[in-house]
Amino acid sequence: MEMNIKPILGQAKKTPIVIAGPCSAETEEQVLATAHGLKDAGIDLFRAGIWKPRTRPGSFEGVGTEGLSWLKKVKEETGMKVTTEVANTQHVFEALKYGVDVVWLGARTTVNPFSVQEVADALKGVKIPVMIKNPINPDFKLWVGAIERIYKAGIENIAVIHRGFSYHGQTKYRNVPRWQIPIDLKRQFPNLEIICDNSHICGRRDTLFDVAQKAMDLDFDGIMTEVHPTPDDAWSDAKQQITPNQFIDLKDRLKQREASTDDIEFWEHMDHLRHEIDEIDEEIMNMMVKRMQLSDSIGQYKKRNNIAVLQPDRWNEILERAVAQGKAKDLSPQFVEALLKAVHQESINRQVAILENKKAQA
Ligand code: PEP
Ligand code: MN
């Protein structure tokens with residue numbers, strides 16, 4: 001679908017888009033204390049959750065409409081624009097009624113096309129910018145689908161928020177970033193601004209800066225961080241929230257990277273290095289071709305002897321050796337494993353095709 005997506009704040013910004021505010025609006029005092037703590041820090045959008053979609057019942061589900069009048073006060077008292085999450089028609093109407101400047105779709109909404117469509121329908125004919133969080137699970141198409149549904153409703157000012165993906169297993173993140181997914185999105189939609197929600201990626205305070213800096217290094221367009229006057233007392237996401245002053249410090253320490261440069265010397269040197277990379281890539285491809293030819297011969301040999309394609313012992317041996325070799329040469333085990341798995345899978349596919357007579361014999 002051809003889309004002409006426009007910047008979320010109306011105009012593209014040279015410096016990162018900064019969004020900060022509490023996970024949830026809890027009381028009028030808490031919302032205003034956060035807002036006053038942030039008002040001189042160059043915040044583009046003040047965030048606060050009014051309706052909180054919780055994974056399990058029993059936790060704080062948001063103060064509801066009452067909180068919107070506190071956001072209105074934030075605008076009046078500080079001049080900051082405000083944003084909140086909407087998940088259904090009623091949320092959209094209420095948010096619009098109270099003058100919310102930008103709305104966002106949460107991860108638990110993006111995951112459900114019915115809900116996304118409901119919000120899109122409620123937004124028809126309204127010119128309000130919309131931010132779309134990635135779906136909880138690493139499903140690229142669901143994220144794209146949500147962008148398309150909102151765009152089709154007539155909204156052009158769209159940005160996405162990368163908040164990481166749930167992961168079943170041990171990890172230092174609350175939601176693993178899987179940076180390749182937002183990077184792929186940027187490749188498909190070059191105009192689309194990407195904001196990094198470091199709070200929901202980290203789930204803790206001590207790694208917030210590093211994740212935000214990584215987003216800057218990857219040329220993301222902004223950050224969204226949860227800020228609370230007394231984080232330990234927060235009614236939701238207490239562990240990941242920081243005080244306004246801690247946020248200002250984080251923001252001031254962030255190093256912004258340039259998307260590009262006109263420096264001729266820089267590009268000459270880059271050309272040289274890239275040329276070398278291209279040559280290495282070509283070599284890798286040629287080696288892959290050779291490896292697959294060998295693997296085909298093995299497939300034919302297995303077929304003649306009626307031997308199964310998958311030989312688990314052999315595969316374990318290959319993998320362990322490669323991971324150990326990689327470690328000694330400063331390649332991460334994750335990388336070596338992912339690379340070898342892809343190669344091994346391709347070998348298996350080809351050998352299965354040979355055993356089943358679906359591949360012409362070379
Ligand atoms: C939030 O922003 O507080 C929130 C609920 O986030 P997510 O939808 O990313 O879980
Ligand atoms: Mn939160």
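Whatever order the structure lists them in is the order used to number ligands and atoms, beginning at 1.
- Within the 4.0 Å heavy-atom cutoff, G49 does not count among the residues contacting ligand 1.
- Closest to atom 4 (C) of ligand 1 among all protein heavy atoms lies H200 NE2, 3.5 Å.
- Remark: ligand 1 atoms within the under-4.0 Å shell around heavy atoms of E85 are 5 (C).
- Scanning the protein heavy atoms around atom 3 (O) of ligand 1, the nearest turns out to be K52 NZ, 2.8 Å.
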Q: Output, in order, the C-alpha distance, side-chain angles, deciding distance and verdict of ring-ring contact (aromatic ring centres under 6.0 Å, His included) for F189 and W143.
A: CA-CA 12 Å; F189 303 103; W143 205 1; 9.9 Å; no
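- Among the heteroatoms counted here (N, O or S) of E226, OE2 is the one nearest to the Mn ion (ligand 2).
- Residue, atom and distance of the protein heavy atom nearest to atom 6 (O) of ligand 1 are K133 NZ, 2.9 Å.
- The angle subtended at the Mn ion (ligand 2) by NE2 of H200 and SG of C23 is 180°, given to the nearest 10°.
- Within the 4.5 Å cutoff, the side chain of Y167 has no heavy atoms near those of the R178 side chain.
- For R253 and F209, the positive end sits near the middle of the six-membered ring, less than 6.0 Å away and at most 45° from its axis.
- In this structure, R314 pairs ionically with E317, as a charged nitrogen and a carboxylate oxygen lie closer than 4.0 Å.
- Numbered from 1 in the order shown, with element, the atoms of ligand 1 that lie under 4.0 Å from a heavy atom of R108 read 7 (P), 8 (O), 10 (O).
- For the side chain to side chain donor-acceptor pair (under 3.5 Å) test with K341, the passing option among H344, Q345, E337 is E337; the others fail.
- Neither the backbone nor the side chain of M224 has a heavy atom within less than 4.0 Å of ligand 1.
- Residues H162 and I201 have side chains in contact (heavy-atom distance under 4.5 Å, counting atoms from C-beta outward).
- Contact atoms of ligand 1 toward C23: 3 (O) (distance under 4.0 Å to a heavy atom of the residue).
- The aromatic rings of W51 and H91 lie parallel to each other, their planes meeting at an angle below 30°, with 60° marking the opposite boundary.
- In this structure, atom 8 (O) of ligand 1 lies nearest to the protein heavy atom A107 N, 2.9 Å.
- In this structure, T83 and W104 have side chains that are in contact, with non-hydrogen atoms separated by less than 4.5 Å.
- The single protein non-hydrogen atom nearest to atom 9 (O) of ligand 1 is R163 NE, 2.6 Å, given as residue, atom name and distance.
- Restricting D237 to its N/O/S atoms, the shortest distance to the Mn ion (ligand 2) is reached by OD2.
- Looking at W104 next to ligand 1, no N or O pair under 3.5 Å apart turns up.
- Using a distance-only test at 3.5 Å, with no hydrogens or angles considered, no donor-acceptor pair links the side chain of E193 to the main chain of I158.
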